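Working notes, beginning with the structure itself.
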Amino acid sequence: MCQIRLLSSLSSIAPEAWDALHDGRNPFIRHAFLSGLERTGCLRSDWGWTPQHLSVWEGERLVAAAAGYLKANSHGEFVFDHAWAHAYARYGEDYFPKWLCAVPYSPVTGPRLLAATAEGRQGLLAAMTDHVRRHGLSSAHVNFHTEAEDADFGSDWLARTDVQYQWHNTAGWDDFDAFLGAMDHKHRKNIRQERAKVARSGVCFRVLHGDQASDDDLDAMYGFYLQTFHEYGNSPALTLDFIRHLARSMPRALVMFLAEFEGRPVAGALCLRGGDALYGRYWGADATLPGLHFETCYYQGIDYCLREGLARFEPGAQGVHKIARGFLPTFVRSRHWIADARFREALRRWCAQETAEVREHAQLLAGRSPFRAAQD
């Protein structure tokens with residue numbers, strides 16, 4: 001007989017038990033990443049994040065789980081439902097708190113229903129809806145789940161679709177010149193000019209994995225992360241302790257591109273590496289040099305993927321300017337269970353219209369591909 005337990009911290013689960021539930025190819029769902037957010041002060045209730053992980057046990061054996069959070073707002077989710085919250089408020093209803101299955105601050109597609117069988121995954125979904133009902137929450141949400149998990153959701157889970165820009169080496173390019181050779185003349189020339197400006201400026205790059213990074217390197221990268229958040233007037237969620245934790249606990253998954261000018265670091269990009277993919281997460285700079293952003297965030301990452309034989313580079317959410325640099329529109333998914341049947345049916349129509357508009361927009365964006373023949 002299975003028992004469902006709601007856990008307030010991943011520290012109550014052994015890392016090897018949690019990581020046995022997935023294939024290890026996605027770094028964001030590893031116990032080290034998720035528990036590290038909790039232990040190093042990145043998740044706080046007053047910021048809207050209260051861990052409430054769903055777990056399913058057969059005796060003392062963990063058989064299924066989903067990373068979950070009680071949310072008092074929608075910050076750090078990247079699936080925007082502010083209009084939904086406003087609609088609830090207009091009718092005198094409370095949209096918050098809600099329950100979310102996702103990776104905090106990470107708009108990265110990956111497994112969300114960690115179970116070996118379809119029955120186990122559907123059991124997790126049933127536990128989510130039961131949790132919402134029993135605690136009087138408005139809704140349950142599963143953000144950035146995989147395409148393979150689509151079949152696990154029933155029709156009462158509303159589907160939303162969005163677009164990200166991703167680089168896929170479907171053509172089998174061996175190096176950067178081969179990648180550029182697939183582009184039309186205009187875009188190929190533009191990228192070469194951008195890279196040449198950075199090279200002429202005297203900037204050089206160091207590519208470091210977590211076990212190669214010194215404390216000074218990690219401090220510099222964290223400083224660039226803070227700089228970007230301050231420039232946009234946002235509050236940074238990650239802590240320096242978390243960056244150091246990643247370097248220690250996931251040393252070969254952490255990848256940093258540090259730009260140096262006149263002997264000091266002036267910019268950096270922090271990425272995570274998975275089974276066949278590189279994920280760009282944060283960037284920052286304290287110097288303004290032509291082409292520095294594109295080189296640090298995009299071209300260094302593409303170069304790395306080509307050297308390492310990685311098939312995909314996801315540089316982060318949003319940014320239509322990425323298309324011209326070889327990152328093509330790619331659909332991402334989320335699912336939503338609304339407790340109130342009246343709101344559910346109204347939002348079902350809203351989601352259907354949104355999906356149609358997103359797909360139409362993606363088709364238009366695909367026409368802006370820089371490649372001579374559209375890449376898959």
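Residue numbers start at 1 and run along the sequence shown. All figures in this text were calculated on a predicted structure; none of them were measured in a lab.
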* Asked: Do you know which two heavy atoms are closest between Phe144 and Ser106, and how far apart they sit?
  -> CD1-O, 4.4 Å
* Grab the two heavy atoms, one from Leu6 and one from Leu54, that are nearest each other, plus how far apart they are. => CD1-CD2, 3.7 Å
* Steps toward side-chain contact (heavy atoms from CB on, under 4.5 Å) verdict (His336, Val79) -> CA-CA 11 Å; His336 311 267; Val79 175; 3.9 Å; yes
Can you find a heavy atom in the side chain of [X] that is under 4.5 Å from one in the side chain of [Y]?
X: Ser334; Y: Val142; value: no
X: Phe313; Y: Ile302; value: yes
X: Phe176; Y: Ile191; value: yes

* **Option from Arg349, Arg160, Arg359 for which salt bridge (Lys or Arg N to Asp or Glu O under 4.0 Å) with Glu354 holds** => Arg160
Over 60° means perpendicular and under 30° means parallel, so classify the ring planes of [Y] and [X], tilted if in between.
X: His53; Y: Trp18; value: perpendicular
X: Trp350; Y: Trp84; value: perpendicular
X: Tyr91; Y: Phe343; value: perpendicular

* Can the ring centres of Trp283 and His293 be said to be less than 6.0 Å apart? -> yes
* To do: Step through the shown structure and confirm whether more than 12 heavy atoms of other residues, nucleotides or ligands are within 6.0 Å of NE2 on His185.
  => no
* Within 6.0 Å of CD in Glu231, more than 12 heavy atoms from elsewhere -> yes
* **Audit row: Ser139, His141, side-chain hydrogen bond (donor to acceptor under 3.5 Å, both in side chains) steps and yes/no** => CA-CA 7 Å; Ser139 48; His141 308 261; 2.7 Å; yes
* Asked: Just checking, any donor-acceptor pair under 3.5 angstrom between side chains of His230 and Thr228?
  -> no
* Asked: Does any donor atom in the side chain of Arg244 or Tyr222 lie under 3.5 Å from an acceptor atom in the other side chain?
  -> no
* Please test Glu308 against Arg273 for salt bridge (charged side-chain N to carboxylate O under 4.0 Å, His left out), starting from the C-alpha separation and ending with a verdict. => CA-CA 10 Å; Glu308 296 289 316; Arg273 174 178 175 164; 2.8 Å; yes
* Asked: To the nearest 0.5 Å, what is the distance between CG (Leu278) and CD (Gln166)?
  -> 11.5 Å
* Asked: Is there a salt bridge (charged side-chain N to carboxylate O under 4.0 Å, His left out) between Asp286 and Arg264 once you walk through the steps?
  -> CA-CA 11 Å; Asp286 62 10; Arg264 70 178 185 90; 3.5 Å; yes
